[in-house]
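Scroll down for the structure; my scribbles are underneath it.
As the structure lists them, so they are numbered: ligands from 1, and atoms in each ligand from 1. For the numbers below, each heavy atom of this structure counts, side chains included, while hydrogens, waters and symmetry mates do not.
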Amino acid sequence: MGDSKRIGILTSGGDCAGLNAVIRAVVHHAVNNYGWEVFGIRQATHGLMARPPEAFNLSPDKVDPYLTAGGTFLGTTNKGNPFAFPMADGSLRDRSQEITEGYHLLGLDALIGIGGDGSLAILQKLAQQGNMNLVGIPKTIDNDVGVTELSIGFDTAVSIATEALDRLHFTAASHSRVMIVEVMGRDAGHIAISAGIAGGADVILIPEIPYTVDGICNAIKKRQEQGKNYCLVVVAEAVRTEEGATVTLASDLEQCRLGGIGQYLSEQICGRMTAETRVTVLGHIQRGGTPSPLDRLIGATFGVAAVDLIAAGKYDHVVTWQNRHVRSVSISDAIAKYAAVNPEGTLVKTAKGLGIYLGN
Ligand code: F6P
């Protein structure tokens, strides 16, 4: 047992599978092994902005049922940057001080923030400005936080996308179709390349590697010449049109929502060759559902390590997974290092070795 502490925990940004496993591990280790109190904060920093702050005491018994549940039982948001918070009248207001005041009103000694690079950057700024002791845990299905080999949620998303490909093989073969599967990944193609290789795709398109529609058509024709009547194409939502345009569904004040590159490719392919295409957009299915064993394992590891960082007074750090070990790095380093798919890296070489068309 160390000194008695009250710590807060919040989830920020898009949800993903595995978040509840992190919260559970934090509560077990902090309560059972250190004798601390843990408060779950609702709806990311919005819970700290509310008056009274929206937070509730978490016991091991309370968190246990959530181990296998998707999403985050604390709630989250990927909207409302507190430094430019969108108000009802359309104006933007700096509400950062309300959040740090909320932290102090709750009497917290430290805060664990689970988020992607955007959330971690905002939380760090808040912590520096408002004297909060912050420890970060990286989560994002996009797996683009550069300092960690794995972020919470990525493995489950890849499993879901792979299972979708497994299912689509049969219906594609039955109808001799080109099946295009659009997967998430706001800036990076990690889900696409991992699921594409695992699921036996014939074409994988990622934003890191340029492609041509003719290149895709040639890959489909090559399969036809080999007697293969169908083709599976995986495309990351961040892939641009051949002319370099981003394909979006909608945009609001804070961000644009990607979507539609699968449909674009379908039309382009049909316009240039004889092929019947169908498009499947996996969307938020990749974020939901039961977390994979690996996401639960990494989640538990990160949760325990984050509590140990607080016990050691090592704030302004995030936990990461590197070379089979959990290690901590400064939040500044974590934010600075972005991980796109390396076009010269192992997975790209593997895909090429398998004869998958990736681009030019
Ligand atoms: O960053 C995670 C992510 O799932 C991206 O892959 C995707 O583009 C985005 O979030 C979707 O966000 P929203 O939940 O706002 O639609």
Side-chain angles (χ1 to χ4, degrees), residues 10-20 22 43-46 70-72 74-81 85-86 113-123 136-148 150-162 164 181-196 204-208 234-241 245-264 279-289 291-292 295 298-299 318 334-335 337-341:
L10 60 78
T11 46
S12 180
D15 76 317
C16 62
L19 293 172
N20 293 322
V22 181
Q43 298 294 131
T45 49
H46 291 198
T72 160
L74 295 178
T76 187
T77 177
N78 59 2
K79 301 224 176 322
N81 176 353
F85 195 86
I114 313 171
D117 52 358
S119 296
L120 291 172
I122 288 174
L123 288 169
I137 297 182
K139 69 88 218 167
T140 166
I141 66 164
D142 297 351
N143 208 31
D144 52 5
V145 178
V147 287
T148 185
L150 285 171
S151 291
I152 309 294
F154 174 64
D155 185 65
T156 305
V158 171
S159 305
I160 292 167
T162 304
V181 185
E182 184 178 310
V183 299
M184 278 186 167
R186 198 192 297 276
D187 302 299
H190 295 290
I191 297 176
I193 194 150
S194 298
I204 302 175
L205 304 175
I206 57 175
E208 294 86 348
V234 179
V235 58
E237 62 179 1
V239 167
R240 294 171 179 231
T241 65
T246 305
V247 188
T248 57
L249 291 171
S251 59
D252 57 31
L253 262 182
E254 294 190 58
Q255 65 186 34
C256 70
R257 283 174 53 212
L258 298 174
I261 185 68
Q263 185 57 35
Y264 162 85
V279 181
T280 302
V281 181
L282 288 184
H284 293 79
I285 287 172
Q286 295 156 97
R287 297 222 307 238
S292 69
D295 269 328
I298 298 293
V318 289
I335 297 164
K337 200 167 170 227
Y338 180 78
V341 174

(message) Side chains of I152 and C16, heavy atoms from C-beta outward: is any pair under 4.5 Å?
(response) yes
(message) Using side-chain heavy atoms (C-beta onward) and a distance below 4.5 Å, is L258 in contact with R186?
(response) yes
(request) Report the part of R287 (side chain from C-beta onward, or backbone N, CA, C, O) that has a heavy atom under 4.0 Å from ligand 1; answer both or neither where that applies. (result) side chain
(request) Number the atoms of ligand 1 from 1 as they appear, then name those within less than 4.0 Å of a heavy atom of I141, with their elements. (result) 4 (O)
(request) Begin from the C-alpha positions of H46 and F85 and carry the test side chain to side chain contact (heavy atoms under 4.5 Å, CB included) through to its verdict. (result) CA-CA 11 Å; H46 291 198; F85 195 86; 3.6 Å; yes
(message) Quick one, I191 and F154 - any side-chain contact, counting heavy atoms below 4.5 Å?
(response) yes
(message) Among all the protein's non-hydrogen atoms, which is closest to atom 16 (O) of ligand 1, and how far away is it?
(response) H284 NE2, 2.9 Å
(request) Could you see which bit of N78 sits under 4.0 Å from ligand 1, with heavy atoms only: side chain, backbone, both or neither? (result) side chain
(request) Considering heavy atoms of the protein only, find what lies nearest to atom 9 (C) of ligand 1 and give residue, atom and distance to 0.1 Å. (result) R186 NH2, 3.3 Å
(request) Give the residue and atom name of whichever protein heavy atom lies nearest to atom 8 (O) of ligand 1, and the separation in Å to one decimal. (result) E237 OE2, 2.5 Å
(message) When you compare the side chain of V239 with that of V247, does any pair of heavy atoms fall below 4.5 Å?
(response) no
(message) Let's go through I122 and N81 carefully: what are the C-alpha distance in whole Å and the side-chain angles of both, what is the deciding distance for side chain to side chain contact (heavy atoms under 4.5 Å, CB included) to 0.1 Å, and is it a yes or a no?
(response) CA-CA 8 Å; I122 288 174; N81 176 353; 3.9 Å; yes
(message) For atom 1 (O) of ligand 1, what's the nearest protein heavy-atom neighbour? Residue, atom name and distance, please.
(response) D142 OD2, 3.0 Å
(message) Quick check on contacts: which atoms of ligand 1 are under 4.0 angstrom from a heavy atom of G185?
(response) 6 (O)
